[in-house]
Amino acid sequence: MVIRCYNPIAMLSSSVFTPFPRQQFYRCPFPIFTQSLQPFPSLLSSTLPRHFTLSFYSNTAQTSTADTPDELHHQLSNSKQSPLKPGLYLVGTPIGNLEDITLRALRVLKSADVILSEDTRHSGKLLHYYNIKTPLLSYHKFNESQRAQVVLRKLQDGEIVALISDAGTPGISDPGMELAKLCADKNIPVVPIPGPSAVVTALSASGLPMNEFSFVGFLPKHNSSRKERLILSANESATQIFFIPPHKLSQFLEEAAAIFGESRQCVMAREMTKIHEEFWRGTIDKAKEAFLAHQPKGEITFLIEGKSTSTDEGPSESQLENELRELIAGGHSLSMAVKLVASGKLMKRKAIYSLALRKFGGQLESEDD
């Protein structure tokens with residue numbers, strides 16, 4: 001313990017106040033007190049200052065500050081929360097910044113009998129950072145069906161099983177949906193542990209309407225299925241949210257420009273909560289100019305504003321023709337292409353069908369033959 005006396009008026013004078021060499025010590029998790037010397041009349045004199053600071057220091061490196069992972073581990077160990085009940089716990093984990101995890105998530109991960117992880121090496125970094133020793137078991141899209149029965153037996157034996165993904169909430173564009181459904185069917189408790197979400201994080205800072213949105217996630221790999229999904233999204237009035245791999249951004253922008261129109265507002269959010277976090281805002285046309293030349297790195301969440309509900313404007317004939325051509329080229333019949341293009345549009349289906357006959361009538365005749 002070190003007692004340092006000082007007069008607040010004269011603190012800047014090195015002859016009166018000499019700072020203690022704190023770099024030689026590690027601060028303990030104790031508060032620092034400043035008290036009046038009134039209880040010690042013998043110490044009061046004209047030559048002594050009237051306040052002192054009581055600080056506690058340790059010269060050993062083993063003591064950590066209150067905001068370190070070790071101290072959090074100590075706090076969780078002494079938590080007065082009741083023990084966890086057996087069941088499947090879906091635990092949300094940080095999407096980038098390790099400090100975004102919740103105290104409840106840490107307690108569940110520490111208390112679980114086993115943690116199912118999409119990538120054990122990736123998740124191991126998070127557990128190591130918070131000094132969590134719970135064993136990891138790989139659980140990803142390639143072994144999801146094989147692991148299900150193994151996990152089910154553990155749960156039926158009364159174990160606590162935590163499921164995490166590489167980032168965010170399990171089951172949201174990540175493994176977990178099938179296991180949650182299986183447990184629900186077997187009346188095994190499924191407990192959500194809320195946490196970070198790339199969808200909500202991107203939407204909250206996008207500047208686009210948040211009152212209604214549609215989360216699409218990753219688009220289908222098949223060409224016709226992907227364009228069919230984009231056409232459905234383009235006709236919705238809600239903000240559309242996609243997960244786009246960096247190497248597929250150029251393809252996505254080309255298809256989005258043709259289907260949504262180049263003037264639609266969009267936001268590209270990448271590396272959220274990380275050092276190189278970026279939010280790019282503009283039209284789809286400007287996004288093409290910005291990103292077709294250079295491919296951004298990192299995880300991308302792409303948002304496009306919903307279709308305007310104004311009755312003044314409707315899709316141009318060329319836009320309708322492009323949408324029809326894309327669907328027909330993808331293997332859809334003319335009538336199905338008309339149905340998909342007409343969904344969500346203010347135009348009557350009859351008018352779109354008339355356009356389809358005029359532009360693609362020859363193809364219709366070949367189908368009838």
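Computed from heavy atoms alone, side chains included, the values below leave out hydrogens, waters and symmetry copies.
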Given 3.5 Å as the limit, does a donor-acceptor pair link the side chain of [X] with the main chain of [Y], or not?
| X | Y | answer |
| --- | --- | --- |
| Thr169 | Ile172 | no |
| Asp100 | Gly96 | no |
| Ser204 | Val200 | yes |

Between [atom1] on residue [X] and [atom2] on residue [Y], distance to nearest 0.5 Å:
| X | Y | atom1 | atom2 | result |
| --- | --- | --- | --- | --- |
| Leu355 | Glu323 | CG | CD | 10.5 Å |
| Leu84 | Ile160 | CG | CD1 | 5.0 Å |
| Ile164 | Leu126 | CD1 | CG | 6.0 Å |
| His294 | Leu249 | NE2 | CG | 9.0 Å |
| Lys286 | Leu253 | NZ | CG | 14.0 Å |
| Leu357 | Phe360 | CG | CZ | 11.0 Å |

Excluding sequence neighbours, so at least two apart, what forms side chain to side chain contact (heavy atoms under 4.5 Å, CB included) with [X]?
| X | value |
| --- | --- |
| Arg121 | Asp119 |
| Glu212 | Ser237, Ala238 |
| Arg349 | Val338, Lys339, Ala342 |
| Ala162 | Val91, Val108, Leu109, Ala112, Ile115 |

[X] versus [Y], closest heavy-atom pair with distance:
| X | Y | answer |
| --- | --- | --- |
| Ala105 | Ile101 | CB-CG1, 3.7 Å |
| Asp113 | Pro135 | O-CG, 3.4 Å |
| Thr283 | Trp280 | O-CH2, 3.6 Å |
| Tyr130 | Leu98 | OH-O, 2.8 Å |

Please determine whether residues [X] and [Y] belong to a single hydrophobic cluster, defined as Ile, Leu, Val, Met, Phe, Trp and Tyr linked transitively by side-chain heavy-atom distances below 4.5 Å.
| X | Y | answer |
| --- | --- | --- |
| Val161 | Val150 | no |
| Ile231 | Leu334 | yes |
| Met336 | Ile328 | yes |
| Phe279 | Phe242 | no |
| Leu230 | Ile300 | yes |

Please examine the side chains of [Y] and [X], heavy atoms only from C-beta on, and report whether any two atoms are closer than 4.5 Å.
| X | Y | result |
| --- | --- | --- |
| Ile241 | Phe302 | no |
| Arg226 | Asn223 | yes |
| Glu159 | Arg153 | no |
| Thr239 | Ile304 | no |
| Leu163 | Tyr139 | yes |

By side-chain hydrogen bond (donor to acceptor under 3.5 Å, both in side chains), which residues pair with Glu118, not counting sequence neighbours?
none

Under the side-chain hydrogen bond (donor to acceptor under 3.5 Å, both in side chains) test, which residues partner Ser224, sequence neighbours left out?
His222

Compile the donor-acceptor pairs under 3.5 Å between side chains in residues 256-270 and protein atoms, sequence neighbours left out, one pair per line.
| from | atom 1 | to | atom 2 | distance (Å) |
| --- | --- | --- | --- | --- |
| Arg264 | NH1 | Glu305 | O | 2.8 |
| Arg264 | NH2 | Ala234 | O | 3.0 |
| Arg270 | NE | Glu278 | OE1 | 2.6 |
| Arg270 | NH1 | Lys297 | O | 2.8 |
| Arg270 | NH2 | Glu278 | OE1 | 3.4 |

Checking side chain to side chain contact (heavy atoms under 4.5 Å, CB included) against Leu340, which of Lys227, Glu326, His332 comes through?
His332

Taking ring pair (Phe, Tyr, Trp, His ring centres under 6.0 Å) as the test, write out the residues that go with Phe243, two or more places apart.
Phe215, Phe218

With sequence neighbours excluded, give me every salt bridge (charged side-chain N to carboxylate O under 4.0 Å, His left out) pair touching residues 123-146.
none

Looking at residues at least two apart in the chain, or sitting in another chain, which of them share a salt bridge (charged side-chain N to carboxylate O under 4.0 Å, His left out) with Lys274?
Glu271

Sorted by chain and residue number, the salt bridge (charged side-chain N to carboxylate O under 4.0 Å, His left out) partners of Arg325 (sequence neighbours excluded) come out as Glu321

So does His122 have more than 12 non-hydrogen atoms from other groups sitting under 6.0 Å from NE2?
yes

Counting only heavy atoms from other residues, nucleotides and ligands, does the tally under 6.0 Å from CD of Gln146 exceed 12?
yes

Quick one: side chains of residues 173-196, donor-acceptor pairs under 3.5 Å with protein atoms, not counting sequence neighbours, listed by atom name and distance.
| from | atom 1 | to | atom 2 | distance (Å) |
| --- | --- | --- | --- | --- |
| Lys181 | NZ | Asp185 | OD2 | 3.3 |

Tell me, with the steps shown, if Ser138 and Arg147 meet side chain to side chain donor-acceptor pair (under 3.5 Å).
CA-CA 9 Å; Ser138 65; Arg147 279 275 193 257; 3.1 Å; yes

Have Ser233 and Arg229 got a donor and an acceptor in their side chains that come within less than 3.5 Å?
yes

Salt bridge check, Lys288 against Glu254: does any charged N sit closer than 4.0 Å to a carboxylate O?
yes

Please assess Leu219 against Phe252 for the test side chain to side chain contact (heavy atoms under 4.5 Å, CB included), listing each intermediate value before the final yes or no.
CA-CA 9 Å; Leu219 287 164; Phe252 172 78; 3.6 Å; yes

Derivation and outcome, side chain to side chain contact (heavy atoms under 4.5 Å, CB included), residues Met272 and Thr301:
CA-CA 9 Å; Met272 289 183 293; Thr301 303; 3.6 Å; yes

